[in-house]
Structures are given as C-alpha cells and as structure tokens.
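Here the structure is a predicted model, which is why all the values come from computation and not from measurement.
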Amino acid sequence: MNVDRIEVSHTAAEKADRYLTPEQLKTVLREHTGYVCRRASPNHDDLYPDNEFTLRGEFYGLQLDIVFAVESDHVAVITQMSQHSDSLRGQFYEYVGDTAEDAVEHARS
C-alpha cells in the first residue's frame with residue numbers, strides 16, 4: 001500500500017482556515033518531503049503506537065507538523081499544527097525517513 005488512499009480527520013479539516021485544506025494535506029503526504037519520525041521510548045516498548053508518525057516541514061509556506069497514522073488500507077491524517085514542540089530529534093523520537101511513503105514502509109516492516 002502506498003499513500004493513494006488518504007482520509008483527513010474532522011480535527012485536521014477544521015484547521016484549514018489556519019493551515020492546509022484537506023486537499024493540500026493529501027498532496028503534501030503524496031508529494032512532499034520533510035522529516036518523518038515517530039514517538040518512541042527507549043525504556044518502554046509499545047508505549048506509543050507503531051503506526052503513528054509526524055511529518056515536519058515547510059508546506060505551502062507554512063512551518064507545520066502533520067500527524068498521521070498508517071492504517072491497514074489507508075493513511076489517516078490525525079491533525080496538523082504549527083511547529084511548537086521542541087526538537088523532533090532525540091531519544092524519544094525515531095527517524096523513519098523523508099516522506100509519508102517511508103512511514104508506510106516502516107509501519108509494514
């Protein structure tokens with residue numbers, strides 16, 4: 001499965017007036033690159049979902065974090081937000097690639 005089928009949550013769609021529209025979110029996940037990671041804890045296996053990822057980057061002129069989940073038959077955009085958190089690099093984040101497709105492959109492995 002790749003990122004052909006993308007569903008945008010109501011929460012993410014509601015933020016279209018401040019950030020990206022559902023169509024723009026789908027385009028970003030299909031075509032754009034950024035920094036893709038998932039939350040992880042070195043001391044607690046399975047503390048965070050294995051299928052939930054964050055794509056950080058600049059999209060359509062906005063610095064955003066897009067949180068999405070890789071489901072069995074689609075990618076679900078959970079939310080979008082400005083880059084307000086600290087670094088997504090470090091012991092509590094696992095780098096998985098540069099694209100949403102990298103996250104799909106990681107979730108399937």
So Tyr35 and Tyr95, would you call those rings parallel, tilted or perpendicular, with 30° and 60° as cut-offs?
tilted
How long is the straight-line distance from CG of Leu55 back to CG of Asp102, given to the nearest 0.5 Å?
10.0 Å
Nearest-0.5 Å distance that lies between atom NZ in Lys15 and atom OG in Ser9
8.5 Å
In Leu64, Val67, Ile66, the residue satisfying side chain to side chain contact (heavy atoms under 4.5 Å, CB included) with Thr54 is Val67
When Phe92, Tyr93, Phe53 are each screened for side chain to side chain contact (heavy atoms under 4.5 Å, CB included) with Arg39, the one that passes is Tyr93
Which heavy atom in [X] sits nearest to a heavy atom in [Y], and how many Å separate them?
{"X": "Thr21", "Y": "Ala16", "answer": "CA-CB, 3.9 Å"}
{"X": "Leu20", "Y": "Gln24", "answer": "CA-OE1, 3.3 Å"}
{"X": "Asp65", "Y": "Ser82", "answer": "OD2-O, 4.3 Å"}
{"X": "Arg18", "Y": "Leu62", "answer": "O-CD1, 4.2 Å"}
{"X": "Val96", "Y": "His106", "answer": "CG1-CD2, 3.5 Å"}

I'd like to check [X] versus [Y] (side-chain heavy atoms, cut-off strictly below 4.5 Å). Are they in contact?
{"X": "Ile6", "Y": "Leu25", "answer": "no"}
{"X": "Thr99", "Y": "Val36", "answer": "no"}
{"X": "Phe59", "Y": "Thr27", "answer": "no"}

Measure from the side-chain N and O atoms of [X] to the backbone N and O of [Y], and report whether any donor-acceptor pair falls under 3.5 Å.
{"X": "Glu94", "Y": "Arg38", "result": "no"}
{"X": "Asn51", "Y": "Glu71", "result": "no"}
{"X": "Gln83", "Y": "Gly57", "result": "yes"}

Answer with yes or no whether the hydrophobic clustering places Phe68 together with Val3; edges join I, L, V, M, F, W, Y residues whose side-chain heavy atoms lie under 4.5 Å apart.
yes
Give a yes or no on whether Leu29 and Ile78 share a hydrophobic cluster (residues Ile, Leu, Val, Met, Phe, Trp, Tyr; joining criterion: side-chain heavy atoms under 4.5 Å apart).
no
Give the intermediate values and the outcome of salt bridge (charged side-chain N to carboxylate O under 4.0 Å, His left out) for residues Glu23 and Lys26.
CA-CA 5 Å; Glu23 285 307 311; Lys26 291 176 184 179; 3.6 Å; yes
